[in-house]
Amino acid sequence: MPERSNNFSSHSHNNNFRDTVCIDCNKIMDSCRDKDCLEDLKVFLTDYSQEILDKATSIRCKDAEIIWTHVSVEPVPFNRGFYQIDIRFFFKLSFEACVCLGKSQEIEGIAVFDKNVILFGSEGNVNIFKSDPVSNSFCFLPNLNEAKHTNLPTAVVEIVDPICLGVKIIEKGNPCHCCCSVDSIPEHIHSHVRGQIIEEGEKELVCTLGIFAIIRLERPAQIVVPCSDFCIPEKECPPVNEDDPCKLFKKMKFPLNEFFPQSLGNIGGFSDNICDSELHGKPHYKK
């Protein structure tokens, strides 16, 4: 049998479709892609980080990552089949602050951003009940199975870690983009930073982030697809030989790309004229 790139084999003797099967999947009703520049987001700092910021003379962003996203779906009034998706992003940010005598200190905080979009999600008014294999019992046990109301579609948000485009220190009370307070940040978000998040301090920290996201609405659907046969994996599961780590290391390819970085012309996504005077020194990306 010839080698297959997907590491699966079929027991059918030819490539003709022999049958059709019905599968249960999520149908994408509507979707959109988003490219946002989140300007002057307020950074909620920990007590330790706030103390350092009040003494800092300059600061730079070291790392930015998304740690959680809260998503809710509501029908749009007088527009049947359309839904508003409310999204709240939570970002963890790490900075390096310069203090007196040329010393640097690392600080961290949380930034929050709210966004909403409207997408088509169609209509549905059925309830789905599913058995629980873990608690499968002949006798009736209440509250084990709950109805899933599918009149609302499921919203899915895919987002990459943000790009930190800028950061600055401002005086307390200056306007900045802030959608919530410390009290509205969930407790499990606080656990991602060291220390207690506070709002008191002489100075405030704001940053500008760039994000790329895909948002979609899905509904359960049963569709019929052509089928030649069921697939069986060809690849075996070899155990890891922990007694001979050098043998595993010898199988690794040499990382040539790490020693020879790509030139600007080979990197996709950047504008050909990144020195355009209209950009004012800000990073520019092609849509």
How close do Q84 and V76 get, heavy atom to heavy atom, and via which atoms?
N-CG2, 3.6 Å

Check: R194 main-chain N/O paired with E108 side-chain donor or acceptor under 3.5 Å:
yes

Linking I/L/V/M/F/W/Y whenever any side-chain heavy atoms sit under 4.5 Å apart, do V99 and L53 land together?
yes

Rounded to the nearest 0.5 Å, how far apart are NZ of K115 and CZ of R88?
14.5 Å

Looking only at heavy atoms, what is the nearest atom pair of K42 and V206, with distance?
CA-CG1, 4.2 Å

L119 and I159: same hydrophobic cluster, using ILVMFWY side-chain contacts below 4.5 Å?
yes

Could you give the distance from CG (L41) to CZ (F89), rounded to the nearest 0.5 Å?
11.5 Å

Let me confirm one number: the SG-CD1 distance from C25 to I28, rounded to the nearest 0.5 Å.
9.5 Å

How about CD on E218, more than 12 heavy atoms from neighbouring residues, nucleotides or ligands closer than 6.0 Å, or not?
yes

For the residue pair F254 and F259, does the interplanar ring angle fall in the parallel (under 30°), tilted (30 to 60°) or perpendicular (over 60°) class?
parallel

Is there a side-chain contact (heavy atoms from CB on, under 4.5 Å) between L205 and V167? Walk through the geometry before answering.
CA-CA 7 Å; L205 190 62; V167 59; 3.6 Å; yes

Indicate if V112 and V182 have the same hydrophobic cluster label, given that clusters are the connected sets of ILVMFWY residues with side-chain heavy-atom separations under 4.5 angstrom.
yes

List the atom of V73, the atom of A155, and the distance in Å for their closest heavy-atom pair.
CG2-CB, 3.5 Å

Separation between CG (D47) and CD1 (I197), nearest 0.5 Å, reads 10.0 Å

On a heavy-atom basis, which atom in S191 and which in H188 lie closest, and how many Å separate them?
OG-O, 2.6 Å

Apply side-chain contact (heavy atoms from CB on, under 4.5 Å) to the pair L38 and F91, showing each step before the final yes or no.
CA-CA 12 Å; L38 317 181; F91 305 101; 4.0 Å; yes

Are the side chain of K203 and the backbone of A56 linked by a donor-acceptor contact shorter than 3.5 Å?
yes

Between H192 and K92, what is the shortest heavy-atom contact and its length?
O-NZ, 3.0 Å

To the nearest 0.5 Å, tell me how far L217 CG sits from N26 CG.
11.5 Å

For residues L93 and C207, report the shortest heavy-atom separation together with the two atoms involved.
CD1-SG, 3.4 Å

Would you find a donor on one side and an acceptor on the other, under 3.5 Å apart, between the side chain of Y83 and the backbone of S122?
yes

How far does CZ of F212 sit from CD of E158, to the nearest 0.5 angstrom?
15.0 Å

Can I get a per-line list of side-chain donor-acceptor pairs under 3.5 Å for residues 59-71, giving both atom names and the distance, sequence neighbours left out?
from	atom 1	to	atom 2	distance (Å)
R60	NE	E96	OE1	2.8
R60	NH2	E96	OE1	2.7
K62	NZ	E106	OE2	2.5

When you look at K168 and T208, which way does the side-chain contact (heavy atoms from CB on, under 4.5 Å) test go after all the steps?
CA-CA 9 Å; K168 57 185 177 181; T208 300; over 6 Å; no

Check for a donor-acceptor pair, side chain of Q105 on one end and backbone N or O of S49 on the other, with a separation under 3.5 Å.
no

Test item: R219 side-chain N/O and G121 main-chain N/O as donor-acceptor pair under 3.5 Å:
yes

Run the numbers on C164 and L209 for side-chain contact (heavy atoms from CB on, under 4.5 Å), then give the verdict.
CA-CA 5 Å; C164 191; L209 302 178; 4.1 Å; yes

Joining Ile, Leu, Val, Met, Phe, Trp and Tyr whenever any side-chain heavy atoms lie under 4.5 Å apart, the cluster holding I198 also takes in none

Give me the other members of the hydrophobic cluster that V225 sits in, counting Ile, Leu, Val, Met, Phe, Trp and Tyr linked by side-chain heavy atoms under 4.5 Å, directly or via other members.
V21, I23, I223

Same hydrophobic cluster for F90 and V156, using side-chain heavy-atom links shorter than 4.5 Å among ILVMFWY?
no

Ignoring hydrogens and angles, tell me if any N or O in the side chain of D54 forms a donor-acceptor pair with the backbone of I52 under 3.5 Å.
no

With hydrophobic residues grouped by side-chain heavy-atom distances under 4.5 Å, do F113 and V157 end up in a single group?
yes

